[in-house]
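First the structure, in the form of structure tokens, and then the observations on it.
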Amino acid sequence: MRPGASSAVVEGRLRLPEGSAALDRMADAGGQLDDDGSALVVRSVAAEGRSRAHLGGRSVPQALLADVADELVTVHGQADQARLRTPSRQRAALDAFAGSAHADLLARYRDAWTERAALLRRIDDVTSRVDERAREAELLRAGTAEIERVDPQPGEDDTLRQVVARLGNAEELREAARLAHDALVGDDTGSEDASALPAVDRARRSLEVAATTDPALVELARRVADAEYALQDVATDLAAYEGGLAADPGVLEQSHARLAELTSLVRTYGGDTTDTTDTSDGSETGALTGVAAVLAWARDAGLRLLELEDDDAGLEAMHARAKELQATIVDLAAALGRGRSAAADALAKAVTEELAGLAMSGASLEVGVERADEPGPWGADLVEMRLVPHPGAPARALGKGASGGELSRVMLAIEVALAAVAGAGSGSTTFVFDEVDAGVGAAPRSRSVAVSPCLRGTPRSSWSPTWHRSRRSPTASSWCPSPPTVRPATTGPRTTPW
């Protein structure tokens, strides 16, 4: 952002290959292609406030732009040169150079390796914990047997608490029901002066008589009659409730005993239980208590017992599958080794040719592929890149003997070779070479002269170098003019002053 500017905006257009992961990510975010088949990308950064990103006409998270860029653009910078020292990066570069068929083979190997590793962990878990699993199964069987013996029913504990509370306070409840009944219909002495129903009945009859004179009272008389009928129903129910409150000590004792039995189950099996039952409406479930938690434990215990029994019964099948996967891994590892060996010679030749254009005439790259003692997650090969700085010199491993300048040139040559492979298979890949002459050595002008022929070898659709101002020059124009125009090889090279 320029000093004093309020914001900086960068726009670009991407041509997303049909069926690519980047196109799917954009579609999921709601972005759309323009009429020419390209997607507009906008990134704005404000001096104050939040920055914004847009893809295909929709506002998207910045992380989404980063994911799309990873799918479409390969950036070569100074950090990549240091990573080339590690064997894993050297192997990855060789695998990338080997092509798409090799990548599919590697993916199949990785799937088989991952499945076998998970299966071996499962077998080890089953075999190494035999005694522990047997004890677990025994405890689960004992618990489920006890729950089956007691046979708790859903909500039974709540119902029993209500029964115990009602029978334990039968006299108080009966007295309350009797008083309410007497207030409605009168007591046993026959006195109805303070009773509700006789008074309501008198009110109803009075309104019905008056309604013959004024029809406006008809509705009021009907409403009073409805109240009278409701009070009569309540009085009847109160009488039934009072009669049903028989203080039977036997029923109360049985209820106490059953509730104690259920409480013992809850204390043993009902702690910290979560409802895992699926709900059709998608509502959330939470912690269960009481008998509901005991029933949930019994359900989970039954499933766990089936799992333990299936593991024991399926141990032979797991061993057979692991043996089958091991044979597949061996076959795929051998195929990977053959592919890497063939690609190693081709990559070494391609890089050696590029090094001649990077002021390293006579230098050559060797790519060694050796069989490892045991296969690993990426195959059974050890890949090592070695540099021969000049004819007759001993080959030195890049990770140990190569200087910074040599490593920079080798990395650039490898990227050009990879770009050529990608360009041959698809024109959708873009390579950005950021400060590609960093570490190459020599004067700024000679660095650019050495690097530019190397870039001309990359596919035109993949060519996107970036040049930066030299610290030893007050202006960029001393060695960073416009990038050269790349023409097809049939038209001959084009000389561009640097």
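Counting begins at 1 with the first residue of the sequence. Not measured: the values here are computed from a predicted model.
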- Task: Mind running salt bridge (Lys or Arg N to Asp or Glu O under 4.0 Å) on Asp182 and Arg178 for me, showing each step along the way?
- Result: CA-CA 6 Å; Asp182 292 346; Arg178 185 187 63 78; 3.0 Å; yes
I'd like to know whether Arg304 forms a salt bridge (Lys or Arg N to Asp or Glu O under 4.0 Å) with Glu307, so could you lay out the CA-CA distance, the side-chain angles of the two residues, the decisive distance to 0.1 Å, and finally the verdict.
CA-CA 5 Å; Arg304 178 57 179 164; Glu307 182 180 345; 3.0 Å; yes
Got a salt bridge between [X] and [Y], using NZ or NE/NH1/NH2 to carboxylate O under 4.0 Å?
X      : Y      : result
Asp104 : Arg108 : no
Arg122 : Asp125 : no
Asp201 : Arg204 : yes

How about [X] and [Y]: do any of their side-chain heavy atoms sit closer than 4.5 Å?
X      : Y      : value
Arg149 : Glu261 : yes
Gln153 : Thr159 : no
Val330 : Pro375 : no
Trp297 : Leu140 : yes
Val369 : Leu94  : yes
Trp378 : Leu336 : no
Arg116 : Leu120 : yes
His319 : Ile123 : yes

Whether the side chain of [X] engages the backbone of [Y] through a donor-acceptor N/O pair (distance < 3.5 Å, no angle test) should be reported.
X      : Y      : value
Thr144 : Arg141 : yes
Ser264 : Ala260 : no
Glu374 : Ala372 : no

Interatomic distance, [X] atom [atom1] to [Y] atom [atom2] [nearest 0.5 angstrom]:
X      : Y      : atom1 : atom2 : answer
Leu308 : Arg133 : CG    : CZ    : 5.0 Å
Glu115 : Arg321 : CD    : CZ    : 4.0 Å
Trp113 : Leu332 : CH2   : CG    : 12.5 Å
Ile329 : Asp111 : CD1   : CG    : 10.5 Å
Asp124 : Leu119 : CG    : CG    : 11.5 Å
Leu305 : Glu136 : CG    : CD    : 8.0 Å

>> Can you tell me which residue among Val150, Val164, Asp157 is in a side-chain contact (heavy atoms from CB on, under 4.5 Å) with Arg258?
In response: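 Answer to the side-chain contact (heavy atoms from CB on, under 4.5 Å) test with Arg258 among Val150, Val164, Asp157: Val150.
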Review point. When Val41 is tested against each of Val60, Leu65, Val68 for side-chain contact (heavy atoms from CB on, under 4.5 Å), which residue passes?
Key: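 Passing option: Leu65.
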Under the salt bridge (Lys or Arg N to Asp or Glu O under 4.0 Å) criterion, do Asp158 and Arg161 qualify, and how do the steps go?
CA-CA 5 Å; Asp158 294 333; Arg161 290 189 185 93; 3.2 Å; yes
Shortest non-hydrogen contact from [X] to [Y]?
X      : Y      : value
Met26  : Gly56  : SD-CA, 4.2 Å
Ala235 : Leu197 : CB-CD1, 4.4 Å
Ala395 : Arg386 : CB-CB, 3.9 Å
Tyr241 : Ala177 : CD2-CB, 3.8 Å
Ile147 : Pro152 : O-CD, 3.3 Å
Arg58  : Gly30  : CG-O, 3.1 Å

inquiry  = Does Lys349 form a side chain to side chain contact (heavy atoms under 4.5 Å, CB included) with Asp345? I'd like the steps, not just the answer.
reply    = CA-CA 6 Å; Lys349 180 180 178 181; Asp345 296 336; over 6 Å; no
How about [X]: does its [atom1] atom have over 12 heavy atoms from other parts shown lying under 6.0 Å from it?
X      : atom1 : value
Glu172 : CD    : yes
Asp373 : CG    : no
Arg110 : CZ    : yes
Gln32  : CD    : no
Arg52  : CZ    : no

So, using side-chain hydrogen bond (donor to acceptor under 3.5 Å, both in side chains) as the criterion, who are the partners of Asp34 when residues are at least two apart?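 Asp34 satisfies side-chain hydrogen bond (donor to acceptor under 3.5 Å, both in side chains) with Arg13 only.
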Exercise for the section: Scan side-chain atoms only and decide if Arg43 and Gln62 contain a donor-acceptor pair under the 3.5 Å cut-off. Expected result: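 Side-chain D/A pair, Arg43 to Gln62: present.
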Would Leu33 and Leu23 count as a side chain to side chain contact (heavy atoms under 4.5 Å, CB included) if you check the C-alpha gap in whole Å, the side-chain angles of each, and the deciding distance to 0.1 Å? CA-CA 9 Å; Leu33 297 176; Leu23 183 59; 4.1 Å; yes
Evaluate the side chain to side chain contact (heavy atoms under 4.5 Å, CB included) criterion for residues Arg267 and Thr263: first the C-alpha distance (whole Å), next the side-chain angles of each, then the deciding distance (0.1 Å), finally the verdict.
CA-CA 6 Å; Arg267 289 174 179 172; Thr263 302; 3.7 Å; yes
Point to revise | For Asp95, all residues meeting salt bridge (Lys or Arg N to Asp or Glu O under 4.0 Å), sequence neighbours excluded | key: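 Partners of Asp95 by the salt bridge (Lys or Arg N to Asp or Glu O under 4.0 Å) criterion, ordered by chain and then number, come out as Arg340.
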Check: After noting the C-alpha distance and the side-chain angles of Arg25 and Leu55, does the key distance pass the side chain to side chain contact (heavy atoms under 4.5 Å, CB included) rule?
Finding: CA-CA 10 Å; Arg25 293 296 303 274; Leu55 176 61; over 6 Å; no
